[in-house]
Amino acid sequence: MSYHHRLDGGSLAISSPHTDQDIGMYQCLATNTLGTILSRKAKLQFAYIEDFETKTRSAVSVREGQGVVLLCGPPPHFGDLSYAWTFNDNPLYVQEDNRRFVSQETGNLYIAKVEPSDVGNYTCFITNKEAQRSVQGPPTPLVQRTDVPDISWRRLDGNPLPRKVKYSKSQAILEIPNFQQEDEGFYECIAGNLRGRNLAKGQLIFYAPPEWEQKIQNTYLSIYDNLFWECKASGKPNPWYTWLKNGERLNPEERIQIENGTLTITMLNVSDSGVYQCAAENKYRIIYANAELRVLASAPDFSKNPIKKNSVVQVGGDITIECKPNAFPRATISWKRGMESLRQSKRVFLSEDGSLKIYNVTRSDAGSYTCVATNQFGVAKNTGSLVVKERTVITIPPSKMDVTVGESIVLPCQVSHDPSIEVVFIWSFNGDVIDLKKGVAHFERIGGESVGDLMIRNIQLNHSGKYLCTVKTTLESLSAVADIIVRGPPGPPEDVRVEHISSTTSQLSWRPGSDNNSPIQIFTVQARTPFSVGWQAVSTVPEILSGKTYNATVVGLSPWVEYEFRVVAGNSIGIGEPSKASELLRTKASVPVVVPTNINGGGGSRSELVITWESIPEELQNGEEFGYIIMLRPVGSTAWTKERVPSVESSRFVYRNESITPLSPFEVKVGVYNNEGEGSLSTVSIVYSGEDEPQLAPRGTSVQSFSASEMEVSWNAIAWNRNTGRVLGYEVLYWTDDSKESIIGKIRVNGNVTTKNITGLKANTIYFASVRAYNTAGTGPSSPPVNVTTKKSPPSQPPANIAWKLTNSKLCLNWEHVKTMENESEVLGYKILYRQNRQSKTHILETNNTSAELLVPFEEDYLIEIRTVSDGGDGSSSEEIRIPKMSSLSSRGIPALEPSIYFLSVVIIFYCFTIQPLTR
């Protein structure tokens with residue numbers, strides 16, 4: 001080391017390097033107490049670039065529209081280069097664009113689709129930045145030609161060109177991506193045109209620097225052992241090998257043999273320890289593999305690998321007690337039980353590695369065992385104990401079960417075991433462990449220390465399979481398995497298809513789904529239409545579809561209706577889920593067969609015959625262009641008149657003819673038709689033609705008020721004939737003075753009724769009323785209006801200060817007279833409403849007085865309330881009063897026969913006497 005060379009950590013720094021003095025190969029040596037290692041080589045070079053040769057370059061000929069590559073061909077150099085080109089005498093560099101590209105890897109200039117303006121001289125400029133120098137190559141002429149040769153390539157060894165090769169547009173350039181060893185060889189370019197052909201040959205040579213296939217590894221051996229190391233590397237040319245120890249080349253000796261990549265050292269001693277390197281080298285590179293060899297020599301030592309303190313085994317089992325002390329060279333092993341040396345027998349075996357094996361262990365084998373290790377450097381001993389336990393036995397294993405979906409079952413798994421050994425139960429289902437700690441749905445572990453039963457609640461079809469109970473201890477593992485079969489209703493049938501469909505039938509086929517471990521016994525076909533309420537079972541041929549039947553004919557369908565079908569399977573467990581619905585198909589059309597019903601009519605105007613019927617629902621119309629046929633004739637006539645009603649939703653037809661007289665009877669029949677033809681007609685019904693409205697107004701109309709919300713309208717019946725118009729009943733109209741004769745109510749009565757009670761009116765209000773007759777043609781003229789004022793509202797205040805006295809079975813009541821407001825009706829009297837406690841029937845007693853007397857049975861409580869009576873109706877009721885039965889009074893210490901007085905609201909002392917009637 002000097003000012004010129006300086007170590008910086010593991011790096012070498014060279015100050016002011018000189019080209020002649022410092023250029024060359026360098027290697028680093030690293031050393032520690034174990035040895036020395038040599039690094040790979042590093043080459044120090046200085047950047048430079050030489051001048052181009054002055055030889056004139058040949059012209060490059062190219063056809064217009066083709067691509068061309070102008071080669072720069074840099075001179076000898078070292079360091080990073082940058083490239084540029086000039087065109088003719090232009091001092092500016094050629095600018096790259098969508099047609100021109102300068103490769104900074106090779107320096108070549110690429111021109112795509114040559115144009116006439118591209119013809120001229122091109123010069124390559126190279127700059128070495130590290131050498132701070134630029135050089136200029138000779139110009140390359142680019143000329144345009146009209147005759148272009150055809151170019152082809154081949155390998156001279158006869159092998160075809162690999163598929164991965166690429167060509168330029170003119171095939172003047174052959175590119176071989178990912179060049180491999182099999183691509184090396186001689187290649188030939190053949191160019192030809194009308195004037196002749198020419199050949200050019202070139203050789204491609206594959207090379208590869210060394211790469212490791214097998215390296216040496218750190219090795220620790222005992223004194224007097226033998227070492228064998230081998231390293232392998234690939235490369236082309238094949239590499240040669242050199243071995244180094246602590247950075248120094250290793251040469252063959254008496255104990256050391258070197259052959260290519262192998263190193264053998266016999267009878268190792270401590271001085272052989274060190275760091276070794278295997279170097280693989282060819283002319284392109286050298287690589288190193290490093291490893292440490294440590295040669296050991298020591299007396300036996302148990303500190304790192306003591307004998308197991310307690311070895312536990314079950315009665316009847318086998319046990320191995322290992323003895324592996326550190327000893328160099330390897331120690332000789334012997335065993336003692338207590339103070340006695342052990343010898344091999346049928347049950348006791350001393351293995352080559354020093355381990356002690358005892359087979360078919362008994363209780364008497366328990367005790368302490370000592371391993372004695374000996375070599376030339378000393379002796380060491382180490383002792384451990386053998387503990388013998390009772391075996392674990394599954395006493396109640398799980399058994400095969402056949403269950404129905406939804407049931408809950410228990411799979412037993414019970415054991416007997418040594419009390420000092422902990423037992424763990426593990427359940428598996430079809431090979432997967434059931435994690436009972438996380439609370440898996442359906443599964444639950446039940447039992448104590450020796451019981452590992454598994455409960456399966458609400459068992460499902462997917463729970464069929466193998467259940468394995470594994471019992472684990474620290475010494476052993478044993479298991480028992482059981483098959484569980486879960487049977488359930490069948491799965492949904494599949495692939496339901498409609499093979500053929502007519503107007504009333506459909507042929508179906510399907511495939512059965514899973515039988516879920518119970519044979520399918522029956523299939524049922526269901527259908528759905530836009531008019532049905534959900535899915536409905538349908539009739540089939542055959543009528544009963546067994547579990548082996550996979551097709552059927554559905555019968556009884558309605559023509560011209562869209563149907564979907566599905567199939568349901570059943571077995572001894574139950575009915576399964578339905579299949580997916582079939583495609584939606586429409587049955588074929590046919591003549592309608594359903595006849596209209598409820599043929600009726602009547603009413604309408606003069607010269608009209610109104611006919612009504614119940615319309616046929618769409619699902620029974622059987623085809624397109626559905627309509628109705630009307631057949632009619634006057635009673636007594638022989639000729640029928642036929643009419644068509646094309647509207648699908650029609651339920652009414654009006655036949656007009658000026659010759660029809662009012663209320664004439666007609667025979668009427670209604671039928672149906674569609675595109676397929678006409679259906680049947682209904683039976684004959686009698687319908688009357690229209691009539692005129694009544695011509696007369698009722699006479700003698702009167703009205704009177706009965707209460708604040710009720711009035712009665714009366715009138716005289718009309719004596720009618722054909723000229724005055726038939727009267728079917730009367731219509732009462734009423735309104736208030738405020739409504740300015742706009743009708744607020746309209747009530748009809750049938751027949752010869754001549755009075756009508758109207759309720760729900762306002763109190764103390766003037767109401768007007770009139771009456772008119774009506775028939776099927778409409779209403780007649782109204783009678784002159786009459787009016788009446790409704791009564792004032794009934795009293796709003798209920799009777800108050802009610803007192804009662806019970807003597808034997810006689811009840812006397814007394815209350816205050818109710819005073820009314822100015823807008824209320826005067827009090828005319830009172831109603832006493834009374835009923836027994838357990839009966840709903842209410843009795844009423846009316847009186848004009850403010851007192852009353854009742855006979856009350858002994859055995860029941862009575863409920864009593866009192867309300868006012870007025871012209872405006874009944875007023876508000878008092879609160880309900882409970883009169884206890886006589887026995888209740890006696891039980892409270894009150895003599896039943898002694899007169900007693902009770903008060904409500906206000907205390908009043910009185911005797912039962914007659915009070916004078918109220919005056920108005």
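Remember, predicted model here, so these are calculated numbers, not experimental data.
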| message | Looking at Lys580 and Asp495, is any side-chain nitrogen of the basic one under 4.0 Å from a carboxylate oxygen of the acidic one? | response | no
| request: Indicate yes or no for a side-chain donor-acceptor contact from Asn128 to the backbone of Ala131 under 3.5 Å, with no hydrogens or angles considered. | output: yes
| query | Going by distance alone, is a donor N or O of one side chain under 3.5 Å from an acceptor N or O of the other, for Asn159 and Asp157? | reply | yes
| Does any pair with a residue in residues 249-272 pass salt bridge (charged side-chain N to carboxylate O under 4.0 Å, His left out), and if so which ones, sequence neighbours excluded? | Arg255-Asp272
| query | Ile321 versus Trp335: any side-chain heavy-atom pair under 4.5 Å? | reply | yes
| field | Considering all heavy atoms, the nearest Asn282-Pro239 contact | value | CB-CA, 4.2 Å
| Any side-chain donor-acceptor pair under 3.5 Å between Ser479 and Thr470? | no
| query | Quick one: does Leu244's side chain get under 4.5 Å of Leu250's, heavy atoms only? | reply | no
| request: Please check if atom CD in Glu53 has more than 12 non-hydrogen atoms from other residues, nucleotides or ligands closer than 6.0 Å. | output: no
| With Asp183, which residues qualify under side-chain hydrogen bond (donor to acceptor under 3.5 Å, both in side chains), at least two apart? | Lys164
| query | Does Tyr187 reach the side chain of Leu161, with side-chain heavy atoms less than 4.5 Å apart? | reply | yes
| said: Can a donor-acceptor pair be found, under 3.5 Å and without considering hydrogens, that links the side chain of Trp85 to the backbone of Gly107? | reply: yes
| request: Measure the shortest side-chain to side-chain distance between Glu230 and Gln214 over non-hydrogen atoms and say whether it is less than 4.5 angstrom. | output: yes
| request: Evaluate the side-chain proximity of Leu204 to Ile176: yes if any heavy-atom separation is below 4.5 Å, no if none is. | output: yes
| query | Does the side chain of Val69 reach to within under 4.5 Å of the side chain of Ile173, using non-hydrogen atoms? | reply | yes
| request: Mark yes or no for whether Asn375, through its side chain, and Gly378, through its backbone, hold a donor-acceptor pair below 3.5 Å. | output: yes
| Are Lys236 and Glu184 close enough for a salt bridge, meaning some N to O gap below 4.0 Å? | yes
| said: Within the 4.5 Å heavy-atom criterion, are Cys72 and Phe52 side-chain neighbours or not? | reply: yes
| query | Would you say Arg57's side chain and Pro141's backbone share a donor-acceptor pair under 3.5 angstrom? | reply | no
| Can you check whether Ala291's main-chain N or O pairs, donor with acceptor, with Trp229's side chain at less than 3.5 Å? | no
| query | Considering residues at least two apart in sequence or located in another chain, which fulfil the salt bridge (charged side-chain N to carboxylate O under 4.0 Å, His left out) criterion with Glu115? | reply | Arg99
| Do Tyr83 and Phe125 have ring centroids that are under 6.0 Å from one another? | no
| field | Close side-chain approach of Ile307 to Asn382, heavy-atom, < 4.5 Å | value | yes
| message | So if I apply the side chain to side chain contact (heavy atoms under 4.5 Å, CB included) rule between Ser82 and each of Thr127, Val102, Ile126, which one comes out positive? | response | Thr127
| said: I want to know whether Phe78 and Tyr48 have ring centres closer than 6.0 Å. | reply: no
| Relative to each other, are the rings of His463 and Phe429 parallel, tilted or perpendicular (30° and 60° limits)? | perpendicular
